[in-house]
Amino acid sequence: MASEAKDITAPPADKQVIAHEGKRYVTVKEGLAHILVPEPSEEDKENLRPDQAVRQVFYNPIQQYNRDLTVLAIKAYGKEAVQQKQASHSKLEKIIEKKRKRQAQKQDQQPNKAQKGADGEKATTEPATEATSAETVQQNGEEAKDATEQETDVPVEQGDKQATNGEAKKGKQPPFTVLDALSASGLRALRYAHEIPFLTSVTANDLLATAVESIKLNVKHNRLEDKVNVCHDDALAHMYTLIAKELRSKDPKGKPTISEKYDVVDLDPYGTAAPFLDAAVQSVRDDGGLLCVTCTDSGVWASNGYPEKCYSLYGGVPVKAWFSHEVGIRLILYSIQTAAAKYGLTIEPLLSLSIDFYIRVFVRVKKSPAAVKFQGGKNMMVYNCDSGCGAWSTQLLMRNKASPNKKGSGVFYKHTFAQGPSVDKGCEHCGSTMHMAGPMYGGRIHSPDFIKRVLGELDEAPTDVYGTTPRIRGMLQTALEEILLTPEEQEAEKAKEEAIQAGKKPDPAFKEAELAAIDPYPFYFHPATISGILKCSCPPEAPLKGALRGLGYRVTRSHCKPGSMKTDAPWSIIWHVFREWIRQKAPVKEDNIKPGTPGYRLLRLGEKKKKEEQAEQADGAEAPKEQQSEQAEGEKMPEVVFDEQLGRDDKTVKLVRYQANPRENWGPLNRAVGKVPSHHRKD
């Protein structure tokens, strides 16, 4: 018996049946939002598998992890952004109040001066004084705004100043707006409106008419007409229209009098986000707005099958390697950075994750032509031994070199050419051919402070609303652990924290050092793959970590791939540890390793046979000088101890670090049914 259908105005509930305009829908709940999915007909029920449904609008339940994470990330970002807005407007009000008091004092002094003149002159002077005072107050108000923009770290755009100042006087929160540029079912927009308390409005935009109708129904069913603005437009047209409106409203000083830029722009397309990046970096606020980007075309940025496609979309070439997903993150960040730089905008990656079949990045966008100068020294090429041992080496495109200033009180940065190449055409470890990849982003891909704030939001998040919290916690903790700061960065962070705790402003040199910072350990290695190259059994995680830590190096997991490790040890040490693993724990059959292969060279089997032949020929005579030098070189390498206890991580808290298959045939799914103009389709 069919369930009794309710009207669309009924309070939303999970799995309820809704009848509207002759159609029946089933309600699906995610987070605090409810969306209407068309109820399948009897014919559809017979032809579809239990896990399938008629999808006229794109909806993938596997992406709940993405949506849960994004809501928490926007909440962590937004709380800080709203506080900065409130502080900025409070400062503005104080400056304007001081100007008014000064003007009032001047007005009080004017009548005393006027009494010395004739009565007629006095009468003539007073109106003029009033007019001049009004003009001065207006000018002082503008000067106060300019002063506030210069003094605050996060400037506030002029249009938002007027609106937010009025809100502040009424005791209301400042505006916080979000654009869901490719909204599909509108589920993201609905969740933002429901779950982000300080959000004032969210725009849900889509190109498909069927999607827009679905969004409108969902907004009505969730009773969010006051917060969700539904827009039927091309995403590029919508963003460029907003940009054009601002450009046409600039005052004589070149500042926009009206600004409708969004605090957050969320791009979650089916495929690549590359066509939308130029418009997105311009339509998000340039005083630290948040840009959220998803790219699901892993066959382009994480494989070696379409290097020409990857270059045309992201401006760089991928690698053929086990760390291809981390390269994909850096290629996407590079494309966002280059899109922003031409407008004097700089990006700060806050969180960059490789998740299942896609990449999700959160970056902060700021207007800073001075910071843009550092970007050439934060991009790199990669030389990869893809046909041999898999070792890699990086080559920066430029150098950001710190030099002492003339006063000797600090440093300034020179942006110069980089020396190259950083490697020979043959791999220094196995002799195989090296191939190039890039250019790609070479800076830090995470912000530790931001990750900690998101984890703080996660602690307060109810598990019945955020169903993927165990995995979010595990992945964020892994991402936090994989940030390996250099000794210089550790000292700078310590000095910065001490200054903040003492109530002092951090040294401005710290900010420039952060702009110039690169990631010296950008990629992970995969022990199982290395063991396959050497034809040996793979060492367990704890002994391998213990060996590297015992040599004084740091080692942790990478969030990108199960079984991967990230370390600050050079490749020469990694190969030395694996050779010692074979010698001490897992001997290999040397006859099974063919001469000329990477494993043969890495294990130095050719040198070993040569030494044996020389020893037989010498028959007890003194070893040649060449052999003595090789022995001396071997003696210089440190002793390796596979300390399992040292390699064990704290397991008091169990974490779900990697995805387990949630169901059969899960993945990106197919497109929704609907007609899309050819210029908007993506391969």
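Only a predicted model underlies this, so the values are computations on that prediction, with no experimental measurement involved. All residue numbers refer to positions in the sequence shown, counting from 1.
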Participant: Pairs of donor and acceptor atoms involving the side chains of residues 546-560, under 3.5 Å and at least two apart or interchain, shall be tabulated with distances.
Facilitator:
| from | atom 1 | to | atom 2 | distance (Å) |
| --- | --- | --- | --- | --- |
| R549 | NH1 | L646 | O | 3.2 |
| R549 | NH1 | G647 | O | 3.4 |
| R549 | NH1 | D649 | OD1 | 3.3 |
| R549 | NH2 | V555 | O | 3.0 |
| R549 | NH2 | D649 | OD1 | 3.0 |
| R554 | NE | D568 | OD2 | 3.1 |
| R554 | NH1 | L485 | O | 2.8 |
| R554 | NH2 | L485 | O | 2.7 |
| R554 | NH2 | D568 | OD2 | 3.3 |
| R557 | NH2 | E541 | OE2 | 3.0 |
| S558 | OG | C560 | N | 3.2 |
| H559 | ND1 | E482 | OE1 | 3.4 |
| H559 | ND1 | E482 | OE2 | 3.1 |
| H559 | NE2 | S354 | N | 3.0 |

Participant: Ring pair (Phe, Tyr, Trp, His ring centres under 6.0 Å) with Y358: which residues, sequence neighbours excluded?
Facilitator: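 Not a single residue meets the ring pair (Phe, Tyr, Trp, His ring centres under 6.0 Å) criterion with Y358.
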Participant: Considering only residues two or more places apart or on different chains, which pairs with a residue in residues 378-407 satisfy salt bridge (charged side-chain N to carboxylate O under 4.0 Å, His left out)?
Facilitator: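 Residue pairs with at least one partner in residues 378-407: there are none.
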Participant: So which pairs with a foot in residues 440-450 pass salt bridge (charged side-chain N to carboxylate O under 4.0 Å, His left out), sequence neighbours left out?
Facilitator: R444-E489, R444-D519
Participant: For L458, what residues pass the side chain to side chain contact (heavy atoms under 4.5 Å, CB included) criterion, not counting sequence neighbours?
Facilitator: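 Residues passing side chain to side chain contact (heavy atoms under 4.5 Å, CB included) with L458: L72, L455, T469, I472, R473.
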Participant: Does K320 have any side-chain hydrogen bond (donor to acceptor under 3.5 Å, both in side chains) partners at least two apart in sequence or in another chain, and if so, which?
Facilitator: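 side-chain hydrogen bond (donor to acceptor under 3.5 Å, both in side chains) list for K320, sorted by chain: empty.
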Participant: Ring pair (Phe, Tyr, Trp, His ring centres under 6.0 Å) with F412: which residues, sequence neighbours excluded?
Facilitator: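 Here no residue qualifies.
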Participant: Starting from the C-alpha separation in whole Å, work towards a yes-or-no answer on side-chain contact (heavy atoms from CB on, under 4.5 Å) for L242 and Y262.
Facilitator: CA-CA 10 Å; L242 181 148; Y262 295 97; 3.5 Å; yes
Participant: May I have all residue pairs that pass ring pair (Phe, Tyr, Trp, His ring centres under 6.0 Å) and include part of residues 491-523, sequence neighbours excluded?
Facilitator: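 Sorted pair list: F323-F523, W392-F523.
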Participant: Using only atom types and a distance under 3.5 Å, with no angle test, would you say the side chain of S352 pairs donor to acceptor with the backbone of I445?
Facilitator: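 Side chain of S352 to backbone of I445, a donor-acceptor pair under 3.5 Å: yes, one is there.
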Participant: Would you be so kind as to tabulate the donor-acceptor pairs closer than 3.5 Å made by side chains of residues 341-348, with sequence neighbours excluded?
Facilitator:
| from | atom 1 | to | atom 2 | distance (Å) |
| --- | --- | --- | --- | --- |
| K342 | NZ | T338 | O | 3.2 |
| Y343 | OH | D278 | OD1 | 2.9 |
| Y343 | OH | D278 | OD2 | 3.3 |
| Y343 | OH | Q282 | NE2 | 3.3 |
| T346 | OG1 | Q375 | NE2 | 3.1 |
| E348 | OE1 | R364 | NH1 | 2.9 |

Participant: For D266, what residues pass the side-chain hydrogen bond (donor to acceptor under 3.5 Å, both in side chains) criterion, not counting sequence neighbours?
Facilitator: R188, Y192, R360
Participant: Return the set of residues passing side chain to side chain contact (heavy atoms under 4.5 Å, CB included) with P448 (not counting sequence neighbours), or none when no residue passes.
Facilitator: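 Counting only residues at least two positions away or on another chain, P448 forms a side chain to side chain contact (heavy atoms under 4.5 Å, CB included) with L480, I483.
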Participant: Residues two or more places apart in sequence or in another chain: which of them pass side chain to side chain contact (heavy atoms under 4.5 Å, CB included) with A237?
Facilitator: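 Scan of A237 (side chain to side chain contact (heavy atoms under 4.5 Å, CB included), adjacent residues dropped) gives D233, D234.
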